[in-house]
Asker: 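I have a structure here, written as structure tokens, and I will follow up with some questions on it.
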Protein chains: 2
Amino acid sequence: MSIQSRRERERAEREKLIVTAARELAEAEGWDAVTTRRLAEQVEYSQPVLYSHFAGKDAIMAAVAVEGFADLGEALAAARARVAAPEALAAVAETYTSFAERRPALYDAMFSQAVDLPFATADAPEPLHTAFNEIVEAVRPHAGAAHPALVTETFWAALHGLATLTRGRRLPRHAHDDRLALLLARFTRAPD
Amino acid sequence: MSIQSRRERERAEREKLIVTAARELAEAEGWDAVTTRRLAEQVEYSQPVLYSHFAGKDAIMAAVAVEGFADLGEALAAARARVAAPEALAAVAETYTSFAERRPALYDAMFSQAVDLPFATADAPEPLHTAFNEIVEAVRPHAGAAHPALVTETFWAALHGLATLTRGRRLPRHAHDDRLALLLARFTRAPD
DNA sequence: CAGCAGCCCTAGCGTTGCTAGGATCACAAG
DNA sequence: CTTGTGATCCTAGCAACGCTAGGGCTGCTG
């Protein structure tokens, strides 16, 4: 019993080690630099060990993505706690886009790369729900007659578009603040 | 002179052939299936021929992306010609998202994959400018006091977010029309 | 007809994600 | 303390990837 639990604990620790190493490597040098060989070297094990924990590289990235959603959720909660109710939307929006800007590799894992995560369903990992709910609460005062969840989805999509297009140099970076302010003007207070 | 021009013509034709083959293969089986070997086999040449036309696989995808922008620009122009001025924004938005939905591989090349295309600068390929200008013209009646280009960038980013998140199953597909309608309500007629 | 220049293919390099198989270690039983 | 057993982890290798070097063939030129 004791031996069994120690082994399970060690396994869990090593799994955490792998995910952390993958995250750090990706944030330092981008996901292209995260090869199974380099990752194995980083955690000081051989490659096959990775596959005894995860089905493949995608699964490792998905685990990193879940950690990213937890981080994002915390940042959004902090922003919402810092700013009073109706103006919280601006703080949340600013926090969201600056998160995407400051942690590009993490944001990529969450939204561009890992495709096999369940998302808009009930069995999505819990950090995804909490992060989404943070935006819902910030949006709620501005939803008007519309369903808050629907407004949140739309507003979130707009933030995501701004973040990704700016990051990919599709949009000039210098006008980012102006675009964000414009978006907020269109989404604060319901038209009716 | 005649021989020279014939060779140049043949080169141009073959280049077009490569781009078309890459596009068709990507649209049929996704970009993962577009390997240099399969592409070479498709055009009935050996691999190195690809590299005498393009610097690498990325450059081929960039060429496909430019074709995609031309297609998108045509579709948007048609939508704007079909619908009168103020309501054209809805038609443009619907055309945009359905383009992303119907041609996912093409849309990926345009916005997710090829990073080395100049975008928001003057030396961007001409189809990019015309496509963007189509949205500008649809947005203009609703810009109010704001700069139309800035509103366009923001609105376009929102459309892009809706398209990519819906496609990646981050947003439930069934509510897409509702989200699009909500976005349009927020962007038609300026608040002041 | 001889020489030359350009085109294009065969072959191969280094790297990728992933896996099979055997060696090695820690534990339990006699 | 020795022996058997079971899990653990590493070495080695596979197929496929993007890309490139080098030589043979074709066809134009003088």
Side-chain angles (χ1 to χ4, degrees), chain A residues 1-19 21-23 25-26 28-65 105 108-109 112-116, chain B residues 1-19 21-23 25-26 28-65 105 108-109 112-116:
Chain A
M1 183 58 183
S2 150
I3 285 175
Q4 185 80 4
S5 67
R6 192 211 59 198
R7 287 203 170 141
E8 285 174 6
R9 194 180 59 239
E10 285 175 354
R11 256 194 86 81
E13 280 171 9
R14 202 168 51 184
E15 190 159 315
K16 182 103 183 161
L17 187 68
I18 292 171
V19 175
R23 199 236 293 253
L25 195 51
E29 306 184 36
W31 279 107
D32 284 350
V34 184
T35 69
T36 57
R37 280 167 236 270
R38 283 198 66 180
L39 186 52
E41 186 188 22
Q42 193 80 12
V43 298
E44 295 178 315
Y45 282 95
S46 67
Q47 275 181 287
V49 172
L50 305 179
Y51 293 90
S52 72
H53 286 270
F54 298 95
K57 192 187 173 184
D58 287 354
I60 297 177
M61 294 178 59
V64 173
D108 274 359
S112 301
Q113 315 248 25
V115 189
D116 47 352
Chain B
M1 183 59 180
S2 149
I3 284 175
Q4 185 81 2
S5 67
R6 190 210 60 196
R7 286 200 171 144
E8 286 174 7
R9 195 179 61 238
E10 285 175 354
R11 257 194 85 80
E13 281 172 7
R14 203 169 51 183
E15 191 160 313
K16 181 102 183 162
L17 187 67
I18 293 171
V19 175
R23 200 236 295 252
L25 194 50
E29 306 183 36
W31 280 107
D32 283 350
V34 183
T35 70
T36 56
R37 280 166 235 270
R38 283 198 66 182
L39 187 52
E41 187 188 22
Q42 193 81 14
V43 298
E44 294 177 317
Y45 282 95
S46 69
Q47 276 180 289
V49 171
L50 305 180
Y51 294 89
S52 70
H53 287 270
F54 299 95
K57 192 188 173 184
D58 287 354
I60 298 176
M61 293 177 58
V64 172
D108 275 359
S112 301
Q113 315 247 25
V115 190
D116 48 351

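Values reported hereafter were calculated over all heavy atoms of this structure, with side chains retained and with hydrogens, waters and symmetry mates removed. Letters go in sequence order (proteins before strands), and every chain restarts at 1.
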Asker: B/E13 has an atom CD; how far is it from atom P of C/dC7, in whole Å?
Answerer: 16 Å
Asker: Measure from the side-chain N and O atoms of B/K16 to the backbone N and O of B/R11, and report whether any donor-acceptor pair falls under 3.5 Å.
Answerer: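 It does not hold such a pair.
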Asker: Does a distance-only test, which skips hydrogens and angles, find a donor-acceptor pair under 3.5 Å between the side chain of B/Q47 and the base of D/dC19?
Answerer: yes
Asker: CZ of A/R38 versus C1' of C/dT15: gap in Å, rounded?
Answerer: 13 Å
Asker: With heavy atoms under 4.0 Å as the rule, sort B/R14 into base, sugar-phosphate or nothing.
Answerer: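 Since only primed, P, OP1 and OP2 atoms lie under 4.0 Å of B/R14, the category is sugar-phosphate.
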Asker: Would you please name every residue forming a side chain to side chain donor-acceptor pair (under 3.5 Å) with B/E29, sequence neighbours left out?
Answerer: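 B/E29 satisfies side chain to side chain donor-acceptor pair (under 3.5 Å) with B/R38 only.
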Asker: Working to the nearest 0.5 Å, report the span between CG of B/L39 and CG of B/L25.
Answerer: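 These two atoms lie 7.0 Å from each other.
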Asker: By side-chain contact (heavy atoms from CB on, under 4.5 Å), which residues pair with B/Q47, not counting sequence neighbours?
Answerer: B/T36, B/R37, B/A40
Asker: What is the separation between atom CZ on B/R37 and atom P on D/dC17, rounded to the nearest whole Å?
Answerer: 6 Å
Asker: Contact list please: residues 48-61 of chain A against DNA chain C, heavy atoms, distance less than 4.0 Å, in numerical order.
Answerer: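 Result for residues 48-61 of chain A: A/P48, A/Y51, A/G56, A/K57, sorted by number.
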Asker: A/Q113 has an atom CD; how far is it from atom P of C/dG17, in whole Å?
Answerer: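 Value for this atom pair: 12 Å.
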Asker: Round to a whole Å and report the spacing from CD of B/E10 to P of D/dC28.
Answerer: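 One finds 10 Å between P of D/dC28 and CD of B/E10, rounded.
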Asker: Tell me every residue that passes side-chain contact (heavy atoms from CB on, under 4.5 Å) with B/S112, counting only those two or more places apart in sequence or in another chain.
Answerer: B/D108
Asker: To the nearest 0.5 Å, what is the distance between CD1 (B/I18) and CZ (B/R23)?
Answerer: 15.0 Å
Asker: In chain order, what residues pass the side chain to side chain donor-acceptor pair (under 3.5 Å) check against A/E15, with sequence neighbours excluded?
Answerer: A/H53
Asker: For DNA chain C, which residues of residues 28-36 of chain B approach it to below 4.0 angstrom with any heavy atom?
Answerer: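 Result for residues 28-36 of chain B: none.
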Asker: Can you see which heavy atom on B/W31 is nearest to which on B/A105, and at what distance?
Answerer: NE1-O, 2.9 Å
